[in-house]
Amino acid sequence: MPEGPSLVILKEKLQPFVGQKIIMADGYAKGFDPAVLIDQTISDIRTWGKNLIIIFRGFSVRVHLGLFGSYKINHRGKNRASLFLQFEEDELNFYIAHVKLITDPPQQAFDWTTDVMNKGFDAKKAREKLMLKPERLICDALIDQRIFAGSGNIVKNEVLFRTRVHPESKIAFIPTRKLNELISEVVVFCKDFYEWRKAETLRQHLEAHEKQICPRNKIPFNKADLGKTKRHCYYCSKCQKLYDEKKRANIEMATKLL
DNA sequence: TAAGTTGTTCGGGG
DNA sequence: CCCCCGAACAACTT
């Protein structure tokens with residue numbers, strides 16, 4: 001379920017719950033006592049990256065669906081919910097969710113300029129954070145929630161394919177222009193992701209993630225667990241360029257000659 | 001059927 | 001103090 005765009009869709013589905021009072025709460029999520037929610041009224045629901053933020057008077061609750069998480073509105077699954085909320089007429093179930101009580105005001109607890117689904121996402125800040133670790137591989141950086149909150153493995157693979165960048169490219173050797181393109185493409189792709197997911201056509205629109213053949217060259221994609229994160233990368237070695245030290249050395253040599 | 005998966009946190013070791 | 005890495009978590013699909 002859970003990259004940023006899916007969470008925004010969840011948030012939108014839950015808007016009818018704003019203003020509703022919780023009359024009963026339960027769940028096995030560790031480190032969280034559901035009882036604190038009883039008799040509390042939801043004052044707002046937002047997202048931050050892959051987190052759903054349910055805001056109450058004086059505190060909020062952060063729900064993260066991890067890799068296998070799911071939710072049901074006015075239905076119940078086979079297993080016990082990690083968070084169950086009962087309202088006057090409706091009920092909400094989260095399965096395999098991590099739940100955390102947040103006492104700091106949301107504006108303070110979350111940096112909204114990092115959220116790729118937020119209008120206030122700050123591309124310049126993202127670029128500065130990328131530059132802080134020039135040795136890092138782009139495939140690792142693209143799923144770093146401190147830089148791109150809400151970006152996940154699908155976003156990573158699709159953005160790298162769209163911008164024709166090899167996942168093992170090092171930040172330091174990616175030209176600034178290309179780095180900027182990568183950052184803005186994260187936002188653009190997430191918007192597409194959101195629209196397609198809402199229309200339930202996401203899978204058929206993906207060009208690289210879990211695909212066998214490169215749609216541009218009609219040759220097989222490479223599939224490998226790359227970077228420190230060792231997450232699946234699907235990439236075409238013909239059209240996705242590897243920015244590495246060697247190429248940088250060439251650029252420097254050319255610069256000296258000029 | 002067993003492997004694969006849109007993810008994060010924690011703790012130990014270096 | 002930082003970084004790295006593996007384990008743990010847990011359920012659905014193919």
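Quantities reported herein were computed from a predicted structural model and do not represent experimental measurements. These values consider heavy atoms only, across backbone and side chains, with no hydrogens, waters or symmetry-generated copies. Chain A is the first sequence line, chain B the second, and so forth, proteins listed ahead of strands; every chain is numbered from 1.
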- prompt: Between A:Y71 and A:Y95, is the ring centre distance below 6.0 Å?
  reply: no
- prompt: Can we say A:E91 and A:K72 salt-bridge, meaning some charged N sits less than 4.0 Å from an Asp/Glu carboxylate O?
  reply: no
message: Check A:R177 with A:E181, please: is the shortest side-chain N to carboxylate O separation under 4.0 Å?
response: no
task: Just grab all the side-chain hydrogen bond (donor to acceptor under 3.5 Å, both in side chains) pairs involving residues 150-161 of chain A, residues at least two apart or on different chains.
output: A:N153-A:K156, A:N157-A:H209
Taking OP1 and OP2 of [N], is either one under 4.0 Å from a side-chain nitrogen or oxygen of [X]?
{"X": "A:N79", "N": "C:dC12", "result": "yes"}
{"X": "A:H209", "N": "B:dT6", "result": "yes"}
{"X": "A:K78", "N": "C:dA11", "result": "no"}
{"X": "A:Q145", "N": "B:dG7", "result": "no"}
{"X": "A:H64", "N": "B:dT8", "result": "yes"}
{"X": "A:Y234", "N": "B:dT5", "result": "yes"}
{"X": "A:R231", "N": "B:dT6", "result": "yes"}

Rounded to whole Å, please give me the gap between [atom1] in [X] and [atom2] in [N].
{"X": "A:K100", "N": "B:dG7", "atom1": "NZ", "atom2": "P", "result": "20 Å"}
{"X": "A:L142", "N": "B:dG7", "atom1": "CG", "atom2": "P", "result": "12 Å"}
{"X": "A:L160", "N": "B:dT6", "atom1": "CG", "atom2": "P", "result": "14 Å"}
{"X": "A:D225", "N": "B:dA3", "atom1": "CG", "atom2": "P", "result": "16 Å"}
{"X": "A:R203", "N": "C:dT14", "atom1": "CZ", "atom2": "P", "result": "9 Å"}
{"X": "A:Y71", "N": "C:dC12", "atom1": "OH", "atom2": "C1'", "result": "16 Å"}
{"X": "A:N51", "N": "B:dT8", "atom1": "CG", "atom2": "P", "result": "8 Å"}
{"X": "A:L65", "N": "B:dT8", "atom1": "CG", "atom2": "P", "result": "11 Å"}

query: On a whole-Å scale, what distance lies between the C1' atoms belonging to C:dG6 and B:dT6?
result: 22 Å
- request: Apply salt bridge (charged side-chain N to carboxylate O under 4.0 Å, His left out) to A:R146 and list each qualifying residue two or more places apart in sequence or on a separate chain.
  value: A:D144
- request: Please identify each residue that fulfils salt bridge (charged side-chain N to carboxylate O under 4.0 Å, His left out) with A:E89, with sequence neighbours left out.
  value: none
- prompt: Among B:dT6, B:dT5, B:dG7, which is the nearest nucleotide to the side chain of A:K50?
  reply: B:dG7
message: Let's see if you can work this out: which of C:dC3, B:dT5, B:dT6 has an atom nearest to the side-chain heavy atoms of A:K133?
response: C:dC3
Tell me what [X] touches on the nucleic acid: a base, only sugar-phosphate, or nothing, going by heavy atoms under 4.0 Å.
{"X": "A:K223", "result": "sugar-phosphate"}
{"X": "A:F94", "result": "nothing"}
{"X": "A:R80", "result": "nothing"}

- prompt: Remaining members of A:V188's ILVMFWY cluster at a side-chain heavy-atom cut-off under 4.5 Å?
  reply: none
field: Members sharing A:Y235's hydrophobic cluster (side chains within less than 4.5 Å)
entry: A:L226
message: Show me the dot-bracket string of DNA chain B, counting Watson-Crick or G-U pairs under 3.5 Å, with | for pairs to another strand and [ ] for crossing ones.
response: .||||.||||||||
